[in-house]
Amino acid sequence: MSRPIIAIPADIREFDGATWHAVQQQYVQATVKAAGLMALIVPALEEENDADAILDRVDGLLVSGSASNVNPSLYGKEALESDGPFDPARDATSLPLIRRAIDRAIPMLAICRGIQELNVALGGTLASEIHEQPGIWDHRKPQDVDRDTMYSIRQSVFVKDGSCIARVIGPGEVRVNSLHRQAIADTAPRLQVEALAEDGTIEAVSVIGAKAFAVGVQWHPEYWAETDSPSRKLFVAFGDAVRDYAASKERLVAASHQQKAV
Ligand SMILES: N[C@@H](CCC(=O)NCCCC(=O)O)C(=O)O
């Protein structure tokens, strides 16, 4: 069987005087090297999206991080300039893909902005500038440092016993990186909280009743997926779920061909 393929929704970025559909290398690298899959970058379209047309052709969905923020209008709040930068095309592409992947039991891993999109897609809300709240740490990415330092593992989160993530990386304390200004405020009804930071920030969720791997993490397992054990385990588990889905799809196709041949 050839490598299963996962969809990664792109961001819209502007550089060199042009508009680009972009995904950071670390997500593709972790997909190929740690999860053992192939990645398909999905253009970010503000209109004319067709989530099912994409999902018909892949075996999983990886929703990546991004410096842009989900537009607050998508969770019932007024969008202030200070809530930016925004990426409406990314929002319009990711949220339908997330909802349809869950409906169709297609494996999904959502990272950082991705867990925030997952929460909003299922009816939850986000809090901005969480470091300004009393008792909440500064989870933002360190400034003016090299990328390895920016993504350095520097925070403890506590994985709930019996959770989906606990079955992958074990319950209890795990060390992770942290690069976000927003976080889940009201958890969507269909999500269960799976890990918390010491300051109470929600760091991981899973979809209640999901028929496939459907997990979101606020940290960045992709960045150290080849060297950090919990990061690698997450990507291997995602890869295994995608391979199972691809194999079941192949069985269905073979069975329908057999039926036609009779
Ligand atoms: N914008 C959201 C999500 C943060 C996120 O995905 N961070 C990844 C960092 C990407 C980069 O800046 O290179 C938030 O701030 O909460």
Side-chain angles (χ1 to χ4, degrees), residues 8-15 20-31 41 44 61-75 77 79-95 97-98 108-121 124-133 136-155 157 176-188 191 195-197 199-205 215-225 228 231 234:
I8 309 179
D11 292 350
I12 290 294
R13 288 295 169 99
E14 309 285 343
F15 51 87
W20 300 68
H21 297 258
V23 167
Q24 288 176 326
Q25 155 72 354
Q26 61 217 53
Y27 298 97
V28 177
Q29 183 86 0
T31 297
I41 296 175
L61 175 66
L62 175 64
V63 193
S64 72
S66 170
S68 68
N69 294 325
V70 179
N71 195 300
S73 61
L74 294 168
Y75 48 94
K77 284 189 177 174
L80 306 175
E81 195 63 30
S82 58
D83 290 327
F86 298 126
D87 186 347
R90 161 77 189 252
D91 291 339
T93 303
S94 284
L95 270 59
L97 280 170
I98 289 168
M108 174 185 62
L109 176 58
I111 294 172
C112 206
R113 191 193 207 265
I115 187 179
Q116 297 168 2
E117 290 169 297
L118 170 59
N119 190 52
V120 170
T125 64
L126 304 179
S128 297
E129 309 311 316
I130 58 172
H131 51 280
E132 294 174 357
Q133 294 172 18
I136 302 296
W137 298 347
D138 189 347
H139 292 251
R140 291 175 296 178
K141 65 182 178 183
Q143 297 297 317
D144 307 322
V145 294
D146 64 86
R147 259 182 106 71
D148 281 359
T149 306
M150 190 185 287
Y151 280 82
S152 61
I153 289 176
R154 57 193 181 95
Q155 170 193 309
V157 301
V176 300
N177 46 25
S178 182
L179 298 94
H180 61 105
R181 300 161 41 198
Q182 299 195 320
I184 291 175
D186 298 316
T187 306
L191 295 181
L196 294 169
D199 64 3
T201 298
I202 293 173
E203 291 281 346
V205 296
V215 161
V217 292
Q218 188 61 73
W219 66 89
H220 285 267
E222 84 290 347
Y223 196 84
W224 302 107
D228 170 63
S231 300
L234 260 177

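Both ligands and their constituent atoms are indexed starting at 1 by order of listing. Just so it is clear, the structure is predicted and the values come from calculations on it, not from any experiment.
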So, [X] and [Y]: side-chain donor and acceptor under 3.5 Å apart, yes or no?
X: R113; Y: S68; answer: yes
X: Q182; Y: E129; answer: no
X: E222; Y: Q26; answer: yes

Are the side chain of R90 and the backbone N or O of I12 linked by a donor-acceptor pair below 3.5 Å?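 Flag not set: sc R90 to bb I12 has no pair under 3.5 Å.
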
Give a yes or no on whether the backbone of S178 and the side-chain of R154 come within a donor-acceptor separation of less than 3.5 Å.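 Judged by distance alone, yes, a pair lies under 3.5 Å.
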
W224 vs Y151, ring-ring contact (aromatic ring centres under 6.0 Å, His included): CA-CA, chis, key distance, verdict: CA-CA 9 Å; W224 302 107; Y151 280 82; 8.2 Å; no

Show me a pair-per-line table, with atom names and distances to 0.1 Å, of protein N or O atoms that are under 3.5 Å from an N or O of ligand 1.
unit_1: ligand 1; atom_1: 1 (N); unit_2: S66; atom_2: O; d: 3.0
unit_1: ligand 1; atom_1: 1 (N); unit_2: A67; atom_2: O; d: 3.4
unit_1: ligand 1; atom_1: 1 (N); unit_2: S68; atom_2: O; d: 2.8
unit_1: ligand 1; atom_1: 1 (N); unit_2: N69; atom_2: OD1; d: 2.7
unit_1: ligand 1; atom_1: 6 (O); unit_2: S66; atom_2: N; d: 2.7
unit_1: ligand 1; atom_1: 6 (O); unit_2: S66; atom_2: O; d: 3.0
unit_1: ligand 1; atom_1: 6 (O); unit_2: R113; atom_2: N; d: 3.1
unit_1: ligand 1; atom_1: 7 (N); unit_2: L179; atom_2: O; d: 2.9
unit_1: ligand 1; atom_1: 12 (O); unit_2: K141; atom_2: NZ; d: 2.5
unit_1: ligand 1; atom_1: 13 (O); unit_2: Q24; atom_2: NE2; d: 3.1
unit_1: ligand 1; atom_1: 15 (O); unit_2: R181; atom_2: N; d: 2.9
unit_1: ligand 1; atom_1: 16 (O); unit_2: Q116; atom_2: NE2; d: 3.0
unit_1: ligand 1; atom_1: 16 (O); unit_2: R181; atom_2: N; d: 3.1
unit_1: ligand 1; atom_1: 16 (O); unit_2: Q182; atom_2: N; d: 2.8

